[in-house]
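Okay, structure first, notes after.
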Amino acid sequence: VRALADAPRKVDVDGDRRAHSHILGDATQVSLPVWSRVTGSRNHDRQAIEWKRMSNDKYQLKNLTTGKTSDLETLSGTVGPDVINIGSLWRDHGVFTFDPGFLATASTESRITFIDGDAGTLLYRGYPIEQLAEQSNFLEVSYLLLKGELPDAAELDSFKHSITRHTMMNQSLARLYSGFHHNAHPMAMVAAIVASLAAFYHDTTNINDDRHREIFSHRIIAKLPTIAAAAYKHALGQPFVYPRNDLDYCSNMLHMLFSVPCEPYTVDPLHAKALDLLFILHADHEQNASTSTVRLAGSTGCNPYAAISAGVSALWGPAHGGANEAVLDMLEKIGDVSKVPEFLTRVKDKAGGVRLMGFGHRVYKNFDPRATIIREMCHQVLAKLGQANNPLFELALRLEEIALKDEYFISRKLYPNVDFYSGIIYRALGIPHSMFTVMFAIARSAGWVAHWQEMIADPEMKIARPRQLYTGPVKRDYV
Ligand code: ACO
């Protein structure tokens with residue numbers, strides 16, 4: 001495949017780009033020569049408009065055996081690498097592309113989140129994560145992810161009001177927990193209960209109805225804390241605690257986790273603030289494994305609760321959101337700074353598949369900006385909680401320091417990711433290991449819902465159906 005410096009293919013140009021800058025985001029820094037406009041509508045009554053930019057670069061694929069060539073057009077986003085449209089390969093050459101794990105494949109177009117892995121940049125709808133972490137809050141960020149713009153005061157009030165009024169669980173739903181053993185992992189319970197929501201809200205799961213989609217979005221963001229806290233209470237054998245609508249999102253989460261009917265419980269504002277910051281950092285991360293799972297499941301037209309439940313299950317894996325629980329287990333097993341070299345030797349030997357959990361990322365190859373914020377937050381939160389000398393934090397800092405000087409990690413560009421330090425904060429807040437990934441799921445629900453909404457509104461949405469390279473037996477007879 002080689003690049004051709006052809007002029008961009010001429011396509012219809014329609015509309016003033018500046019008028020649509022709210023769609024494109026402020027991150028646009030590149031020249032924007034040619035735009036194509038595709039209008040269309042799905043069964044729902046919203047008219048979707050999609051803007052694509054043809055790049056100046058074209059590529060040509062040549063079959064060296066037959067000499068047959070195909071020109072492949074390139075599309076540019078507002079920032080980030082171009083993508084080669086290989087949609088015609090099968091038609092023109094009868095071949096598929098092969099990219100296990102999507103190392104070089106963009107599965108969709110999206111306007112929600114941008115990551116530059118080399119620069120350590122993360123933008124939600126164009127806004128740098130550092131600024132949102134400093135100045136925003138989780139519900140405002142959720143609104144931003146869902147709607148594409150920061151809300152004004154009235155819009156935020158209305159959004160908060162709607163989320164707050166959807167926090168309760170149907171009593172029949174609450175009874176489902178009694179079917180789980182007391183030591184069931186909370187992620188298993190949360191995935192099952194989320195999937196069950198479709199049985200309770202069947203009358204509002206028409207994915208082609210804007211209002212149904214909005215109600216679903218608010219319900220998921222509102223109810224996940226209640227569902228998660230109930231899973232925790234079930235494990236403890238304590239009564240479920242009802243949500244309190246006078247509390248903010250994260251204070252209410254802590255109230256439902258830690259209060260009991262027999263004595264008053266006051267939420268520590270510092271704990272709520274720390275949780276809110278973690279939720280902002282975890283709210284979205286473009287086409288990560290769980291979000292892609294939500295999109296893939298949702299592309300079948302299944303009810304949206306089923307798609308979110310699939311996302312919860314995918315998040316649970318230790319290579320993804322399950323890493324925060326695995327990091328704490330790892331730190332406890334290492335136990336002491338003196339054991340770090342021995343542990344790292346086992347990691348580097350790749351003996352028994354041991355990995356340095358909380359290290360490495362498919363996209364970040366320099367640093368994960370979320371990890372930088374969380375490490376700093378660890379210092380502050382632990383100091384304020386009187387745990388400045390927290391031994392696990394000291395161990396994590398030392399482990400990071402040693403690993404970052406080690407040729408194995410340097411040559412593979414392995415750095416701490418968001419989950420290297422998040423578990424230490426969760427633990428300092430009194431949240432048990434088994435709930436770490438559940439907390440992540442609550443935060444990521446905002447991103448899942450935003451991506452699901454974006455996909456359903458896309459007039460070009462197709463069922464996600466990858467191809468394969470078949471290496472099994474050829475046809476044979478049953479005898
Ligand atoms: N410890 C030791 N070696 C590692 C680690 C690690 N944490 N991560 C990657 N490597 C090594 C691999 O063994 C491989 O080595 P090789 O070139 O000698 O074969 C090389 O680095 C590349 O690793 P891949 O697995 O190919 O990288 P990939 O992009 O597929 O995986 C992943 C990324 C899954 C995050 C990986 O780094 C990992 O398993 N990390 C630990 C789990 C973790 O922290 N996950 C959370 C990610 S953030 C999130 O999802 C919220």
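Excluded from the calculations below are hydrogen atoms, water molecules and symmetry mates; all remaining heavy atoms, backbone and side chain alike, are included. Order of appearance sets the numbers: ligands from 1, and atoms from 1 within every ligand.
- For atom 35 (C) of ligand 1, the closest heavy atom belonging to the protein is G360 O, 3.6 Å.
- Annotation for ligand 1: atoms under 4.0 Å from non-hydrogen atoms of F440 are 51 (C).
- Counting heavy atoms closer than 4.0 Å to ligand 1, residue V327 contributes nothing at all.
- Heavy atoms of D368 found under 4.0 angstrom from ligand 1: none, in either backbone or side chain.
- Looking at atom 20 (C) of ligand 1, its nearest protein heavy atom turns out to be R412 CD, 3.8 Å.
- Below 4.0 Å from some heavy atom of D419 lie the following atoms of ligand 1, by number and element: 51 (C).
- Looking at G321 next to ligand 1, no N or O pair under 3.5 Å apart turns up.
- Note: H320 and F440 have perpendicular aromatic rings, judged against thresholds of 30 and 60 degrees for the angle between ring planes.
- Aromatic ring centres of H166 and F216 lie farther apart than the 6.0 Å criterion allows.
- In this structure, the protein non-hydrogen atom closest to atom 45 (N) of ligand 1 is A319 O, 2.9 Å.
- For ligand 1, the atoms sitting less than 4.0 Å from at least one non-hydrogen atom of P318 are 42 (C), 43 (C), 45 (N), numbered in the order shown with element in parentheses.
- Counting only heavy atoms of the protein, atom 32 (C) of ligand 1 lies nearest to R355 NH1, 4.4 Å.
- The shortest contact between atom 19 (O) of ligand 1 and any protein heavy atom is with K350 NZ, 3.1 Å.
- Atoms of ligand 1 lying under 4.0 Å from any heavy atom of A323, numbered from 1 in the order shown and given with element: 43 (C), 44 (O), 45 (N), 46 (C).
- The environment of NZ in K348 is crowded: more than 12 heavy-atom neighbours from other residues, nucleotides or ligands sit within 6.0 Å.
- Note: F393 and Y421 meet the aromatic proximity criterion, with ring centroids under 6.0 Å apart.
- N288 and S290 share a side-chain donor-acceptor pair at under 3.5 Å.
- Here the closest heavy-atom approach between residue R125 and residue R111 is recorded as NH1-O, 3.2 Å.
- The nearest protein heavy atom to atom 22 (C) of ligand 1 is not closer than 4.0 Å.
- In this structure, N288 has no heavy atom closer than 4.0 Å to ligand 1.
- Remark: ligand 1 atoms within the under-4.0 Å shell around heavy atoms of G358 are 43 (C), 44 (O).
- Among protein heavy atoms, atom 7 (N) of ligand 1 sits closest to L356 O, 2.8 Å.
- By the definition of a contact as any protein heavy atom under 4.0 Å away, atom 26 (O) of ligand 1 is not in contact.
- Ring centroid separation for the pair H218 and F159 comes in under the 6.0 Å cut-off.
- Within the cation-pi definition used here (under 6.0 Å to the ring centroid, within 45° of the axis), R375 does not qualify as a partner of F420.
- Scanning the protein heavy atoms around atom 40 (N) of ligand 1, the nearest turns out to be F359 O, 2.9 Å.
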Exercise for review: List the steps, then state whether ring pair (Phe, Tyr, Trp, His ring centres under 6.0 Å) holds for Y305 with F200.
Suggested key: CA-CA 10 Å; Y305 299 103; F200 290 84; 9.9 Å; no
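- Here CD1 of I207 is found 5.5 Å from CE of M461. Values are rounded to the nearest 0.5 Å.
- The contact set between ligand 1 and Y408, taken as ligand atoms under 4.0 Å from a residue heavy atom, comprises 2 (C), 3 (N), 4 (C), 11 (C), 13 (O).
- Of all protein heavy atoms, the one lying nearest to atom 33 (C) of ligand 1 is R362 N, 3.8 Å.
- Ring orientation note: the planes of Y249 and F138 are tilted relative to one another, at an angle of 30° to 60°.
- Using a 30° and 60° split on the angle between ring planes, H185 and W316 fall in the tilted class, from 30° to 60°.
- Atoms of ligand 1 found under 4.0 Å from any heavy atom of V347 (numbered from 1 in listed order, with element): 1 (N), 2 (C).
- E401 CD: more than 12 foreign heavy atoms inside a 6.0 Å radius.
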